[in-house]
Amino acid sequence: MVGFGPADVPPSAAVKFVGAGTAACFADLLTFPLDTAKVRLQIQGEAGGSAAAEGGSTLRYRGVFGTITTMVRTEGPRSLYSGLVAGLQRQMSFASVRIGLYDSVKQFYTKGSDHVGIGSRLLAGCTTGAMAVAFAQPTDVVKVRFQAQARCPGHARRYCSTIEAYRTIAKEEGIHGLWKGTAPNIARNAIVNCTELVTYDFIKDTLLKSTSLTDNLPCHLISAFGAGLCTTVIASPVDVVKTRYMNSALSQYSSVLDCAVSMMRKEGPLAFYKGFMPSFLRLGSWNVVMFVTYEQLKRAMMAANHSCTTIL
């Protein structure tokens, strides 16, 4: 079967770029409800306890599957995919840069050397993560805003379509509103990219060198799961602050630091790990789907390219 054996021809930068974006979109389609549940849990309790205002002292959402069940019951199943268009736009532009260009940037820092140290891997991860955020931040802002808004009867929605969201944010908050939360997002994605890609890269290399596994599906599954677990543990606090800040009203927080301090003061340190289980379920499953799909897409695209070249 094409793709499930070791690659015969190294994939080109263009193949990695397109393959990463496509694989990330496929992973998003399968795991988006978990991401939406994560966002709802992360923003629960902000603005002095919006949940309390809605229902006394009772939290509206409890746990991953409780959140999903509540959303389906009160807003309908479509609410789980609110912001999907912006999410796919984000992945196609974001993942293509941060994942697709990782190997090329890593080779740039090592000057083509076969020996790649942990420092070069970390530097490459930080670089492509920052580049991706600078390029795709508006899509992330719109995605979070859509996921955060509840479809409740009698309550007007902030945005009705993706295009309207871009226009409204730019009109009401200025163009810089579309890049709101860029600083925490760069911090988050530097952490996520370094942890996710470097961990996957490191585990995969270790498995290939120290075990009987070859560069195939079992190796990719183990590496991807390990990367998802490590990433969730390390990146959750920054992810919560990023989500709160990007979803906040125009003058709710004076800065990213103010948002973090406010969370600590009002909700305590555990607030930084709100939505941890959906984050882990989402990142773990997302990593497995994305990396396995990415590895197979690279091979399938190179095989197709080789077949076309042979025919010509």
Exercise. For Lys143, which of Thr36, Asp35, Thr162 qualifies under side-chain hydrogen bond (donor to acceptor under 3.5 Å, both in side chains)?
Worked result: Asp35
For this session: Please name the residue in the list Asp239, Thr231, Leu229 that meets the side chain to side chain contact (heavy atoms under 4.5 Å, CB included) test with Leu283.
Result: Thr231
For this session: Show the numbers, then the answer: is there a side-chain contact (heavy atoms from CB on, under 4.5 Å) between Leu297 and Lys16?
Result: CA-CA 9 Å; Leu297 272 175; Lys16 292 176 184 177; over 6 Å; no
Exercise. Between Phe276 and Tyr273, how do the two ring planes meet: parallel, tilted or perpendicular, split at 30° and 60°?
Worked result: tilted
For this session: Mind telling me whether Phe146 and Tyr159 have parallel, tilted or perpendicular rings, with 30° and 60° as the class edges?
Result: tilted
Could you tell me the separation between the [atom1] atom of [X] and the [atom2] atom of [Y], rounded to the nearest 0.5 Å?
X      : Y      : atom1 : atom2 : answer
Met131 : Leu101 : CE    : CG    : 5.5 Å
Ile169 : Arg167 : CD1   : CZ    : 13.0 Å
Ile222 : Leu217 : CD1   : CG    : 10.0 Å
Asp201 : Tyr102 : CG    : OH    : 4.0 Å
Glu196 : Asn189 : CD    : CG    : 9.0 Å
Leu207 : Ser212 : CG    : OG    : 10.0 Å

Ignoring hydrogens and geometry, is there a side-chain-to-backbone donor-acceptor pair from [X] to [Y] under 3.5 Å?
X      : Y      : answer
Ser93  : Arg90  : yes
Gln252 : Ser248 : no
Ser223 : His220 : no
Thr31  : Leu34  : no

Check: [Y] and [X] side chains under 4.5 Å, non-hydrogen atoms:
X      : Y      : answer
Thr22  : Gln91  : no
Asn185 : Tyr245 : no
Glu75  : Thr70  : no
Tyr109 : Val116 : no
Ile99  : Met290 : yes
Cys219 : Asn216 : yes
Arg244 : Lys274 : yes
Ser285 : Leu30  : no

For this session: Report the C-alpha distance between Lys204 and Glu295 in whole Å, list the side-chain angles of each, state the deciding distance to 0.1 Å, and finish with yes or no for salt bridge (charged side-chain N to carboxylate O under 4.0 Å, His left out).
Result: CA-CA 12 Å; Lys204 182 179 171 182; Glu295 296 280 7; 2.8 Å; yes
Problem set entry | CA sep, side-chain torsions, deciding dist, call: Asp258, Arg265, salt bridge (charged side-chain N to carboxylate O under 4.0 Å, His left out) | CA-CA 10 Å; Asp258 177 50; Arg265 187 174 65 250; 5.7 Å; no
Seminar exercise, completed: The complete set of ring pair (Phe, Tyr, Trp, His ring centres under 6.0 Å) pairs with one or both residues in residues 161-202, sequence neighbours excluded, reads Tyr200-Phe291
Identify whether [X] and [Y] are in the same connected component of the hydrophobic contact network (ILVMFWY, side-chain heavy atoms under 4.5 Å).
X      : Y      : answer
Val233 : Met277 : yes
Leu123 : Val105 : yes
Val97  : Ile186 : no
Ile163 : Leu88  : no
Leu80  : Tyr61  : yes

Residue pair [X] / [Y]: nearest heavy atoms and the distance that separates them:
X      : Y      : result
Cys126 : Ala190 : SG-CB, 4.2 Å
Gly100 : Ala20  : N-CB, 3.6 Å
Asn287 : Ala227 : OD1-CB, 4.1 Å
Arg98  : Ala132 : CB-CB, 3.8 Å
Cys259 : Val241 : SG-O, 4.0 Å
Ala165 : Val142 : CB-CG1, 3.8 Å

Exercise. Just checking, is any N or O donor in the side chain of Asn193 or Thr128 under 3.5 Å from an acceptor N or O on the other one?
Worked result: yes
Problem set entry | Salt-bridge present (Lys180, Asp140; N to O < 4.0 Å) | no
Problem set entry | Charged N-O contact under 4.0 Å between Arg145 and Glu164 | no
Exercise. So Asp205 and Arg121, salt bridge (charged side-chain N to carboxylate O under 4.0 Å, His left out) or not? Walk me through it.
Worked result: CA-CA 12 Å; Asp205 280 355; Arg121 298 175 200 255; 3.1 Å; yes
Exercise. Would Phe272 and Ser236 count as a side-chain contact (heavy atoms from CB on, under 4.5 Å) if you check the C-alpha gap in whole Å, the side-chain angles of each, and the deciding distance to 0.1 Å?
Worked result: CA-CA 7 Å; Phe272 293 93; Ser236 275; over 6 Å; no
For this session: Test Tyr294 against Val289 for side-chain contact (heavy atoms from CB on, under 4.5 Å), laying out the working first.
Result: CA-CA 8 Å; Tyr294 178 45; Val289 175; over 6 Å; no
Exercise. Around Phe17, counting heavy atoms of other residues, nucleotides and ligands shown, do more than 12 lie under 6.0 Å from its CZ?
Worked result: yes
For this session: Carefully, step by step, assess Lys38 and Leu41 under the rule side-chain contact (heavy atoms from CB on, under 4.5 Å).
Result: CA-CA 5 Å; Lys38 177 202 75 172; Leu41 285 167; 6.0 Å; no
